[in-house]
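Residue numbers begin at 1 in each chain, while the letters A, B, ... track the order of the sequences.
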There are 2 protein chains.
Amino acid sequence: MGTDDEMDRMHSSPTARPRRATSYDVARAAGVAQSTVSRCFKDDAKISAKTRDHILKIASDMGYTGNALARSLITQRSNVVGVIVTAFTIRNNPELIYALGEALQNAGNSLFLMVVENDDAIGASLQKAMEYPLDGLICCAQMPEDWIRQFANRGVPMVFFNRLVDSSLVDCITLDHAGAGRRIAEALYRAGHRSVVCVRGPERAPVSQLRVDAFRDRMAEFGIGSIPTVCTDFSYADGRRRFLDLVGGMKRPDAVFCANDQLALGVIDACRFDLGWRIPEDISIIGFDDIAEAGRPSYALTTVRQPIVDMAETAASLLLARIGDPDLPPRRIMVPGELIERSSARLANGSPPA
Amino acid sequence: MGTDDEMDRMHSSPTARPRRATSYDVARAAGVAQSTVSRCFKDDAKISAKTRDHILKIASDMGYTGNALARSLITQRSNVVGVIVTAFTIRNNPELIYALGEALQNAGNSLFLMVVENDDAIGASLQKAMEYPLDGLICCAQMPEDWIRQFANRGVPMVFFNRLVDSSLVDCITLDHAGAGRRIAEALYRAGHRSVVCVRGPERAPVSQLRVDAFRDRMAEFGIGSIPTVCTDFSYADGRRRFLDLVGGMKRPDAVFCANDQLALGVIDACRFDLGWRIPEDISIIGFDDIAEAGRPSYALTTVRQPIVDMAETAASLLLARIGDPDLPPRRIMVPGELIERSSARLANGSPPA
DNA sequence: TTGTAAGCGTTATCAA
DNA sequence: TTGATAACGCTTACAA
């Protein structure tokens, strides 16, 4: 017969006060030392099968589970990986979160998610990430240089996702946004488009900058220096509205390059429902990302595919590899974007539209 | 002059081995007791402004940050909330994650995210959630009764999101899926539709069951007992394909009710691009969720709005309230779905289609 | 106002 | 194979 204390816990009465059983409780109940209980839950532990079974049975009766906090404190390893994402990324690439979660979980890690409104609002999250002893960090947002150094100083490996940071202290995986932007400029130019406009994302959104700036630079090399451009919040509604504002005061352009697919969808609907322009006969529209809707027949958007799930898996393995070996040389992976030609743009050689 | 050890850390040499400064390190450098350092970081602490400033300065020089793990261990409070979501939820309602993250973060909590493939694959995540001393859990998936009891026994508050669980141990917030399903049946019937079909989600997906079963039951009450129904994986592509299979062998139905908007979009495209049926003249289509695409002119889908962001915020405050006071009575909130009439369905009174 | 010391629940290092 | 015992980095009485 055990103490009342033990009885309570074993029969788990409805009013049991919520205090979880500790390895010490199990040890007392099993009549062994606490350290022996601890050993039961390690694979390589030297422990007799008999005591192990005995303890395991009692532990399960008491509903004992190890305390990850206490374990992390002593092992100096939390098996928790932080992930920082912006609202936009979460909205537009929900697959990223899922893929990251799966990859991390499959490797025995947990995901500590920090959401931020945009790249500039990352401060508070970083503070949290510092206080919490994370094993690593996957950051899908820009980070100030001094924060990067601080994490590095503490030995917290980081990989940046779609943010190419100029530091030898971290790993990066990013789509070749600029390359794809140039590629689109070339395709559009070759097909005869001369009067083009751009619909960007937010002023300071890195991927928007990369994509659109490269596009504009390449166009400039072709002698097309003046490209009316408008900023948006990356959304369908804003893309549609601002595009209308933009073209309201000008002659119809030949083509429009949008910093992402949501914007392109908005522009397509602006053409179809607000302006009565035919796509692609009157105007060519190109997006970026290849989100699910882009492939549907109602839009058939020509765009650049960003293999977000593959990239997420790569990001996770980069991080896990570095957690395993912090001395790995810094790696920066640049994934080429694939131009997916559907029917929202005339890309074949030809004369410019009427 | 301090020891070499201290110098290293203070000047943070490039090769500094990654060991984060502890409150003890700060105490040594400041010439005070460790507990005094600890006190500096509490609001109500009794400590002289002078020593506080002195310590704070040194702490910041050393890049000291509290260790959340150690703190949680002693305070028995982690300020971490677990969130369990299925792949489908994350894909189809990415806003949920963001809203949850924001609400939790604003209240000073962190988000521990566990993704699961579907409601049946929740086991491993629950194990993690048990070992990690979470302050609470928001579960957007079904959970076996005995797990619920275990969490309750440990005093971990839980709120279920869109899963109505029959337990007085937890809080729930859910849309009134069944009510909305019935409402749609009524609207469709009143408008004269008699030959209807359903496109469901996965066999065992709770929200799909609730929505479709209620719809079918209500239709049965109207004397419409035979409703051809097909299961899908909740995706656009599967909705489109299976709908085609379903109607391949039958006379054109008057109306189709889809368990979510993605499916409805697929069905619309099947009608438009594969079958050449006009919407809503030939066939009425109704979805569920009111995702962003549903409102766009290319689809103009009639659907039921699920105020996912409001619900997320409510879920967070339910949980936070219970963390603050565990003795609160169990609450179950049922949010009514709002029927959004657009133009994919004829809902006015009238005769059935030709 | 400050310092001392006892935990929190583990893992890890020794002896036994 | 097991049992003491010392960390891990903090908070919190209690003493000074």
Original post:
Nearest of D/dT5, C/dT1, C/dC8 to any side-chain atom of B/S48?
Top reply: C/dT1
Original post:
Can you tell me how far C1' of C/dG7 sits from OH of A/Y24, to the nearest Å?
Top reply: 13 Å
Original post:
For D/dT11, does OP1 or OP2 lie under 4.0 Å from any side-chain N or O of B/S38?
Top reply: yes
Subject >> Rounded distance in Å - CG (A/N79) to P (C/dT10) >> reply: 16 Å
**OP:** Please determine which of B/T89, B/V83, B/V309 meets the side-chain contact (heavy atoms from CB on, under 4.5 Å) test together with B/L96.
**Re:** B/T89
Original post:
Start at the 5' end of DNA chain C and walk down; is the nucleotide closest to B/T36 or to A/R39 reached first?
Top reply: B/T36
**OP:** Give a yes or no answer on whether the side chain of B/R154 reaches the backbone of A/G63 with a donor-acceptor pair at less than 3.5 Å.
**Re:** yes
Original post:
Closer to the 5' end of DNA chain D via nearest nucleotide, is it A/K46 or B/G66?
Top reply: A/K46
Original post:
Reckon B/T75 has a side-chain N or O less than 4.0 Å from the OP1 or OP2 of D/dT11?
Top reply: no
Original post:
To the nearest Å, how far apart are A/Q76 CD and C/dT10 C1'?
Top reply: 12 Å
Original post:
CD1/A/I55 to CD1/A/I47 distance, rounded to the nearest 0.5 angstrom?
Top reply: 5.0 Å
**OP:** Quickly work out the A/N67 CG to D/dC8 P distance and round it to whole Å.
**Re:** 18 Å
**OP:** Rounded off to whole Å, could you give me the CG-to-P distance for the B/L73 and D/dC8 pair?
**Re:** 14 Å
Original post:
A/E131 CD to D/dG9 C1': how many Å, rounded?
Top reply: 13 Å
Subject >> B/V170 backbone acceptor or donor facing B/R322 side chain under 3.5 Å >> reply: no
Original post:
For D/dT1, does OP1 or OP2 lie under 4.0 Å from any side-chain N or O of A/K50?
Top reply: no
Original post:
So what does B/F41 hit on the nucleic acid, given a heavy-atom distance under 4.0 Å: a base, only sugar-phosphate, or nothing?
Top reply: nothing
**OP:** Please report, rounded to the nearest Å, how far the C1' atom of D/dT2 is from the NZ atom of A/K42.
**Re:** 15 Å
Original post:
Does any donor atom in the side chain of A/Q34 or A/S23 lie under 3.5 Å from an acceptor atom in the other side chain?
Top reply: yes
Original post:
Between atom CZ in B/R28 and atom C1' in C/dG3, what is the gap in whole Å?
Top reply: 17 Å
Original post:
Contact class for A/S72 vs. all strands (heavy atom < 4.0 Å): base, sugar-phosphate, or nothing?
Top reply: nothing
Subject >> Selected nucleotide, minimal atom distance to B/I47 side chain, candidates C/dT2, D/dT11, D/dG3 >> reply: C/dT2
Original post:
Think A/S35 has a side-chain N or O under 4.0 angstrom from the OP1 or OP2 of D/dT2?
Top reply: no
Original post:
Are any of B/T22's side-chain N or O atoms less than 4.0 Å away from OP1 or OP2 of D/dC8?
Top reply: no
**OP:** Could you check which of C/dT2, C/dG7, D/dA4 has an atom nearest any side-chain atom of A/A33?
**Re:** D/dA4
